[in-house]
Amino acid sequence: MRTTPHPVKLLKIHYCFNIMNNSNPLHWSFDYNYGAQNPQFAQELISTLRGYAPEVGARQTGVGQTVRHVYNILPNYWRGYHRGNAAKQLSIGTAIIERSKANNNLWYYSIEYENTTSGENLRLQFRCKDEPYRQLTDSWRVDARNRGRDAYSRSTYDGHLTSDRDVKLRINGIEISSGTVETDDRLTCDWALFDVIPALVPTIQTLDDSVEIAVLEDLAQPRLKSRLGFLESIEIPIPLDGYYLYGIGLLPSYWWLDAYGNVAIASKTFETLVLKERIG
Amino acid sequence: MSKRPNILFINTDQHSWDALSAYGNPYLQTPNIDELHRNGTSFQRSFCADPVCAAARSSWATGLYTSETGVPFNGGSLHPEIRDLGQVLNAGGYRAFHCGKWHVPGRDVRESFQVLYYGQRDIGAGGAAYYDSASTHAVTDFLTNYNADEPFYLQIGYVDPHDVCEYLHNHEEKRIPNPVEQGIVSEDALPPLPENFNYDERETVLHRVCRRVDDALIHAAILKGIRDWDELHWRYLRWNYYRFIEKVDAEIGRVLAVLQATGLHENTLIIFSADHGEACGSHQMFQKFTLYEESVRVPFIVACLSDSIAVEKNQMNETHFVSGVDLFPTVCDYADVDVPEQVQGMSVRPIVEGKDVAWRDYAYIESNYWGRAIVSERYKYVTEYKPKAVEDFSPPGPDAEQLGLAQLFDRQNDPGETENLVGNAIYNEDVKICRDKLLTQEAKLHRQQIGHPSPKQVISNWGERLRTYWEHGR
């Protein structure tokens, strides 16, 4: 099904200092094409981007329909600390974001994140309200497995937000507080940002616009007073609109949306997620 | 304390002493490390043994200074006969565990400790964003399952804020707009430039060749990439650095919360420190590898989250000079395990318990194989050994004839170390006293010849560059 492209941003500015390297076409916010990663980073990023053909965004999903975005994870530095430079693929893993809207007006999320440098295999399950900020509801669950060869192999924890806005985690039967959020904080999971940012585009149209948001990073660590705003628009190799996110304890990350509201690139401190597949 | 305690050594990487909100820094929030400060003794005169990861960590692991360990920089190799902390604790009936960054080259952490987590690809120098969260998962899993009768020693090596190094590498080959230009942060949200941004250029040859010249031995590519930085770029570096620290503070918070929820805090001593600091714009410098305060001075907190272990709480100790070599004997003291004879450090336990104890009146620091510093009550004295005409790979010193240039800073009147007093006749006697103190300290070291080919190669190459500079001034 083909839907209408993302609404034209009437006030949006094509900012003039769209700085790029001469040697490759990447934007500085996701240009990690140097040193041992040159030219592989640019090649894999561009080829991955060209490989998917979305004509619809996740938010246009109907009740009961499951949408899945699959991201290739590229390391931002030193081939993900790979020993030597011999890897055929630069990719250090995959992130899969799957969600569906139920009849109860909740979004059900299931995330799988695999990182072959850290060995982490995270599986996150949570529910959100059907509104732009995708605020977390009731409880969530994290299953963290690790492929490292040492003693630690798996940890699971359940979390919930108490009535007095305390983020509680239960790890192997032990309950801790991971922080408190204010009543007016709109708490979402960082993995829901793949839908939150497209949903907030009408609110963030110019460089002067930004919104405050509270992020529960990996469903464990509240990052309060985070700020989401518009960065600029580029065309590498497809038209992309950029947004930034930063906050207390949260280094700036950069999120690039395609014309259909899919996050095509999400570049964080150490990794760049590039959309390679959209299903549903 | 009825039985031997559990000991939790939490360390961060590249964390300067003043980058904590508990110490009055208004530009970041570190509520969890602050909690350790409130529940313990914070040593304000705490210095690493050597301001680079592998060298500093080798001193932690052995209680020895760099000239003794065989690890004078990141490419060294620990002398094989030196016993490390894990080996000593295991022999003393402790269960010694490790999680996270190790970075003691030449020693397999898995042979000395029971390792909880060390990455799918072994953790090297950096990569906090990959590893730190997994380390927390591993440690919280460990603590919630620990039910052995024996006490444990667990060291958690967090990588952040070391990732600020990658922030800098990011500038090597591309220009990144400053955040005000990006439109994401207003100028008034950024920390100011440090007061000691401008510096006295009368530095040692070693420092110039390693860090200042265009083809500097250390991170020349970063140096080139930031040559045209404006003030906002430097301030943005500081802003980012503080975010990295907030990230790791949150990881520590979850560990402390689990420690308390399990009840293990009742009998757990916590030591918090960092391997070295971060220049973060001071002296227009970045990263570590220097003997300036921001690079060598680190937090060192000994705490207990209950009252079962005698620890003076909420204490800001501004009297005692603590070194990275003191970690080893301190842990052994609490563990009631014998300290190997050659260990240089001293246990801070009596100080933490509020007792009077004879203590050193200075801190001794090495850097980049040839660099040396003595920090005393009034002065910091920085100097260097000239490279030997024929390198024998025996760490230099004590040898007054071979000393090169020097810096003397008045710590009371010039805490930012902006005026080198060497050459000012008024301070000649003070320079001599400091130099004598340095040579006396160096005479106590059991230095060993470097035998591993990798550090020997570095010493040869760097030595050649230094000799050239001494001969030709460039």
Side-chain angles (χ1 to χ4, degrees), chain A residues 15 17 19-21 23 28-29 31-32 34-35 76-78 80-83 92 115-120 144 146-152 154-155 157 169 171-179 207-208 210 217-218 220-221 223 227 229-231 244 246 248-252 268-271, chain B residues 28-29 97-99 110 114-131 133-134 136-145 163 166-167 169-170 172-177 179 181-185 221 240 243-247 249-251 253-254 257-258 260-262:
Chain A
Y15 216 61
F17 55 77
I19 298 159
M20 299 173 204
N21 274 354
S23 56
W28 59 263
S29 69
D31 178 8
Y32 296 96
Y34 58 85
N76 290 355
Y77 299 99
W78 316 113
Y81 291 96
H82 202 296
R83 297 282 186 271
I92 57 162
N115 184 313
T116 57
T117 294
S118 68
E120 279 247 283
N146 201 283
R147 301 191 196 285
R149 63 184 168 111
D150 299 296
Y152 165 68
R154 187 177 183 185
S155 170
Y157 56 91
L169 303 179
I171 308 166
N172 296 335
I174 302 291
E175 187 168 88
I176 64 167
S177 169
S178 184
L207 285 169
D208 295 327
S210 66
E217 199 171 34
D218 287 340
Q221 189 59 53
R223 306 291 187 189
R227 190 146 289 280
F230 173 67
L231 186 68
Y244 63 81
Y246 75 91
I248 297 169
L250 203 59
L251 275 298
K268 307 177 181 183
T269 306
F270 250 68
E271 59 192 18
Chain B
L28 79 171
Q29 296 179 26
F97 296 92
H98 172 87
C99 182
R110 295 183 174 98
Q114 295 179 59
V115 175
L116 305 181
Y117 171 70
Y118 194 44
Q120 182 171 352
R121 292 174 185 153
D122 289 355
I123 302 173
Y130 295 145
Y131 300 114
S133 171
T136 299
H137 288 150
V139 168
T140 54
D141 185 59
F142 169 83
L143 293 174
T144 51
N145 282 303
D163 276 4
E166 314 305 357
Y167 173 81
H169 285 301
N170 202 6
E172 287 180 3
E173 295 186 29
K174 62 183 176 188
R175 179 177 176 269
I176 300 173
E181 208 177 343
Q182 288 178 37
I184 73 171
V185 178
N240 273 271
R243 303 291 83 75
F244 284 117
I245 293 172
E246 289 170 342
K247 275 178 74 72
D249 179 78
E251 301 292 343
R254 292 215 298 287
V258 168
Q260 287 192 290
T262 55

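Letters go in sequence order (proteins before strands), and every chain restarts at 1.
Side chains of A:T269 and B:Y167 form no contact here, defined as non-hydrogen atoms less than 4.5 Å apart. Using a 4.5 Å cut-off on side-chain heavy atoms (C-beta onward), A:I171 and B:R254 make no contact. Using a 4.5 Å heavy-atom threshold, the side chains of A:N115 and B:R121 count as separate.
Heavy atoms only, all atoms of each residue included: B:A261 and A:I176 are closest at CB-CG2, 3.8 Å. Taking all atoms of both residues into account, the shortest heavy-atom contact from B:V115 to A:D150 is O-CB, 3.3 Å. Taking all atoms of both residues into account, the shortest heavy-atom contact from B:R175 to A:W28 is O-CB, 4.0 Å. Of all the heavy atoms in A:N146 and B:A134, the pair that sits closest is ND2-CB, 4.0 Å. Minimum heavy-atom separation, B:S133 to A:E120: OG-OE1, 4.2 Å. Counting all heavy atoms, side chain and backbone alike, A:Y77 lies closest to B:E166 at OH-O, 3.0 Å.
Residues satisfying the ring-ring contact (aromatic ring centres under 6.0 Å, His included) test with A:Y157, not counting sequence neighbours, are B:H137. With sequence neighbours excluded, no residue forms a side chain to side chain donor-acceptor pair (under 3.5 Å) with B:Q120.
For A:S177, the part lying under 4.5 angstrom from a heavy atom of chain B is the backbone only. The contact between A:E217 and chain B is made entirely by side chain atoms (from C-beta outward), counting heavy-atom distances below 4.5 Å. In this structure, no portion of B:D249 lies under 4.5 Å from any heavy atom of chain A.
For the pair A:Y246 (side chain) and B:I184 (backbone), a donor-acceptor distance under 3.5 Å is present. Using modelled atom types, no side-chain atom of B:Y130 and backbone atom of A:T117 make a donor-acceptor pair closer than 3.5 Å. Under the 3.5 Å distance criterion, the side-chain polar atoms of B:Y117 are matched with a main-chain donor or acceptor of A:S118.
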For a side-chain contact (heavy atoms from CB on, under 4.5 Å) check, start with the C-alpha distance between B:Q260 and A:I174, then their side-chain angles and the critical distance, and finish with the verdict.
CA-CA 10 Å; B:Q260 287 192 290; A:I174 302 291; over 6 Å; no

Run the side chain to side chain donor-acceptor pair (under 3.5 Å) test on B:D141 and A:S155 for me, step by step, so that the C-alpha distance in whole Å, both residues' side-chain angles and the decisive distance to 0.1 Å come before the verdict.
CA-CA 6 Å; B:D141 185 59; A:S155 170; 4.5 Å; no

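Counting heavy-atom pairs closer than 4.5 Å to chain A, the top-ranked of the candidates B:H169, B:R110, B:Q29 is B:R110. Ranking A:R223, A:R227, A:E271 against chain B, the residue ahead of the rest is A:R223, based on heavy-atom pairs under 4.5 Å. Residue with the most contacts toward chain B among A:S178, A:G229, A:P252, A:A144: A:P252 (heavy-atom pairs, distance under 4.5 Å). Across B:A129, B:A250, B:G253, the residue that shares the most heavy-atom pairs under 4.5 angstrom with chain A is B:A250. The candidate from B:G127, B:A128, B:G119 with the greatest count of non-hydrogen atom pairs under 4.5 Å with chain A is B:G127.
Put simply, NZ on B:K174 and OH on A:Y32 are 4.5 Å apart, with the number rounded to the nearest 0.5 Å. With rounding to the nearest 0.5 Å, the separation of CD in B:Q182 from OH in A:Y244 is 9.5 Å. Separation of atoms CG (B:D163) and CG (A:L251) is listed at 8.0 Å; rounding is to 0.5 Å. Rounded to the nearest 0.5 angstrom, B:E246 CD and A:Q221 CD are separated by 11.0 Å.
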